[in-house]
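These notes are about the structure you will find just below.
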Amino acid sequence: MAEAAFTMELNEEQKEVRDWIHGFAADVIRPAAAEWDEREETPWPIIQEAAKIGLYSLDFYAQQFFDPTGLGIAMTMEELFWGDAGIALAIVGTNLAAVGVLANGTEEQIGTWVPQMFGDANDVKVASFCSSEPDAGSDVSAMRTRAVYDEAKDEWVLNGTKTWATNGGIANIHVVVAVVDPELGSKGHASFIIPPGTKGLSQGQKFKKHGIRASHTAEVVLEDVRVPGSCLLGGKDKLDERLARARERAKTGERIKNAAMATFEASRPAVGAQAIGIARAAYEVALDYARTREQFGRPIIDNQGVAFQLADMATQIDAARLLVWRASWMGANKKPFTSAEGSMSKLYAGETAKKVTAQAMQILGGNGFTREYPVERMHRDAAIYSIFEGTAEIQRLVIARTVSGVPIR
């Protein structure tokens with residue numbers, strides 16, 4: 001495939017898709033946002049509406065994922081999360097598991113399992129990517145969930161507990177990262193498909209969260225979960241080769257990509273785009289409020305103290321989008337992140353979302369602190385973007401190591 005030139009201008013087809021998604025976000029997601037935030041439940045009816053129009057489907061996300069400009073997924077995420085972050089995450093949460101399979105699976109595994117993650121418009125399904133553990137979040141080398149190969153039956157037996165799993169326990173398909181060789185630390189991990197109805201997998205506690213409350217987050221407990229050898233992503237021959245290389249290079253300190261990190265590296269710009277959607281939504285509310293709210297006989301936007309805040313908000317959102325789009329284009333065109341551009345995009349967009357939503361609340365004053373206005377919810381939703389899929393501190397660590405060449409700890 002020929003390399004697509006980097007551009008900040010969407011083509012006509014992309015603009016049509018953007019406007020279509022924006023319409024769904026405005027007409028279907030936003031009116032339901034406050035209700036599902038209060039209910040703290042998966043918005044199945046909204047997911048089904050998305051499936052009916054083809055927005056929640058393998059075909060749609062595959063089309064965006066393989067967009068040669070790299071902007072398809074970024075654009076999709078921004079528009080959906082502009083609508084509401086909790087509902088949008090319920091709609092797109094399956095994609096992290098799908099990316100896990102796309103990044104590590106064989107063509108046969110991709111064709112077999114990814115369609116089952118979505119279901120269809122009449123019977124929607126979701127999927128879950130399970131990596132974090134109670135004692136292993138940012139420190140993936142501390143992972144304890146084990147996968148042991150039973151050669152006689154050509155089965156893998158998994159035991160452990162996963163936490164912070166989006167769609168954990170309610171998913172049709174779970175993708176689980178587990179330790180296959182404890183001596184190799186994070187290089188001894190592999191990813192497994194847990195098919196629907198597999199015995200031994202259960203949902204642990206469901207978390208009651210500060211934000212993104214329409215998205216289901218829970219523990220996943222694995223007790224003697226047996227899956228066929230074909231459920232090891234990439235296959236056993238590929239795993240054995242990778243482990244052998246890791247053992248040979250263990251003394252040199254050479255870095256070998258592990259299954260979980262491959263998924264996160266591919267998804268970071270998309271997560272940044274989600275944060276931009278939240279920030280943009282809050283900025284627009286604040287801008288509209290500042291134009292119409294009057295104090296001392298004139299709109300508050302006439303005051304530099306307010307107008308300058310809005311100027312900073314607009315600038316930060318555009319800067320974040322530039323970083324996200326650059327990283328998205330680089331990823332789509334197989335450009336190496338030689339300066340940790342993926343981490344840069346996620347870090348800056350997440351920090352921007354937190355800052356902009358806080359400023360929006362300030363501009364709205366007391367109204368911003370109430371649930372009558374959406375910026376309070378947006379501020380709560382934005383908080384997660386310096387925590388999940390790599391904390392802000394981990395992103396800075398990745399960037400610092402990359403630009404310095406020093407193994408900073």
Side-chain angles (χ1 to χ4, degrees), residues 58 61-62 93-119 125-133 136 140 143-182 184 186-204 218-244 246 256-264 266-267:
L58 172 58
Y61 287 108
T94 291
N95 288 341
L96 188 59
V99 169
V101 177
L102 290 167
N104 301 295
T106 64
E107 288 187 12
E108 183 178 356
Q109 289 170 330
I110 292 168
T112 299
W113 299 113
V114 176
Q116 294 185 49
M117 295 180 173
F118 293 89
K125 304 291 186 184
V126 294
S128 179
F129 183 75
C130 307
S131 178
S132 293
E133 298 184 4
V140 294
M143 191 177 292
R144 293 179 180 175
T145 296
R146 288 293 310 276
V148 178
Y149 186 56
D150 182 343
E151 192 170 356
K153 296 184 178 180
D154 185 27
E155 291 180 340
W156 288 89
V157 185
L158 284 80
N159 283 281
T161 299
K162 294 296 182 178
T163 194
W164 311 122
T166 298
N167 297 329
I170 66 170
N172 194 44
I173 302 289
H174 290 78
V175 178
V176 175
V177 183
V179 178
V180 293
D181 189 332
L184 291 174
S186 62
K187 297 178 180 67
H189 296 174
S191 292
F192 298 85
I193 292 283
I194 312 298
T198 300
K199 292 181 180 178
L201 184 146
S202 62
Q203 180 183 311
E219 289 184 333
V220 173
V221 181
L222 304 141
E223 297 178 303
D224 292 329
V225 171
R226 285 184 168 268
V227 296
S230 59
C231 288
L232 166 65
L233 288 181
K236 193 163 188 307
D237 289 345
K238 185 177 178 181
L239 173 65
D240 289 342
E241 290 174 9
R242 179 165 61 79
L243 294 178
I256 299 173
K257 187 178 291 185
N258 70 57
M261 290 302 101
T263 300
F264 290 135
S267 65

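In what follows, residues are counted from 1 in the order of the sequence shown.
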Check your understanding: Using the ring of each side chain (for Trp, its six-membered ring), is F118 parallel, tilted or perpendicular to Y61, with breaks at 30° and 60°?
Key -> parallel

Check your understanding: Which pair of heavy atoms, one from Q109 and one from T106, lies closest together, and at what distance?
Key -> OE1-N, 2.9 Å

Practice item. Without swapping roles, check the side chain of T161 against the backbone of V221 for a donor-acceptor pair under 3.5 Å. Key: no

Revision key, fill the gap. Heavy-atom nearest pair, V126 first then N167, reads CB-ND2, 3.6 Å

**Study point:** For W164, all residues meeting ring pair (Phe, Tyr, Trp, His ring centres under 6.0 Å), sequence neighbours excluded
**Key:** F207

**Study point:** Contacts of A178 that satisfy side-chain contact (heavy atoms from CB on, under 4.5 Å) - sequence neighbours left out
**Key:** T145, A147, L158, F192

Point to revise | V99/F129 under side chain to side chain contact (heavy atoms under 4.5 Å, CB included): CA gap, chis, key distance, verdict | key: CA-CA 9 Å; V99 169; F129 183 75; over 6 Å; no

Revision key, fill the gap. Rounded to the nearest 0.5 angstrom, the NE2-NZ distance for H189 and K187 is 10.0 Å

Check your understanding: Any donor-acceptor pair under 3.5 Å linking the side chain of Q116 with the backbone of K125?
Key -> no

Revision key, fill the gap. Between Y149 and E155 the two heavy atoms that sit nearest each other are CD1-O, 3.5 Å

Study note, to complete from the structure: Separation between CD1 (I193) and CG (L233), nearest 0.5 Å, reads 5.0 Å

Exercise for review: Can you measure from OG1 (T166) to CG (N95) and round to the nearest 0.5 angstrom?
Suggested key: 11.5 Å

Revision key, fill the gap. Value for CE (M143) from OG (S186), rounded to nearest 0.5 Å, stands at 9.0 Å

Exercise for review: Taking the side chain as every heavy atom from C-beta outward, state whether V175 and C130 have any pair of such atoms under 4.5 Å apart.
Suggested key: no

Check your understanding: So do V176 and V220 actually touch side chain to side chain, heavy atoms under 4.5 Å?
Key -> no

Review point. Taking all atoms of both residues into account, what is the closest heavy-atom pair of S191 and V177, and its distance?
Key: OG-CG2, 3.7 Å

Review point. Under 3.5 Å, side chain of N104 to main-chain N/O of G234, donor-acceptor pair present?
Key: no

Exercise for review: Please check if the side chain of Q203 supplies one atom and the backbone of A218 the other of a donor-acceptor pair under 3.5 Å.
Suggested key: no

Revision key, fill the gap. Taken to the nearest 0.5 Å, the spacing of L102 CG from W113 CH2 works out to 15.0 Å

Review point. What closest approach, in Å, do V227 and P195 show between heavy atoms, and which atom pair accounts for it?
Key: CG1-CD, 3.9 Å

Check your understanding: Can you tell if the side chain of M117 reaches within under 4.5 Å of the side chain of V101, non-hydrogen atoms only?
Key -> yes

Check your understanding: Which atom names give the shortest non-hydrogen contact between A190 and L239, and what distance separates them?
Key -> CB-CD1, 4.0 Å

**Study point:** N/O donor-acceptor pair under 3.5 Å between N159 side chain and D224 backbone
**Key:** yes

Practice item. Kindly compute the distance separating CZ (R226) from CG (D150), expressed to the nearest 0.5 Å. Key: 4.5 Å

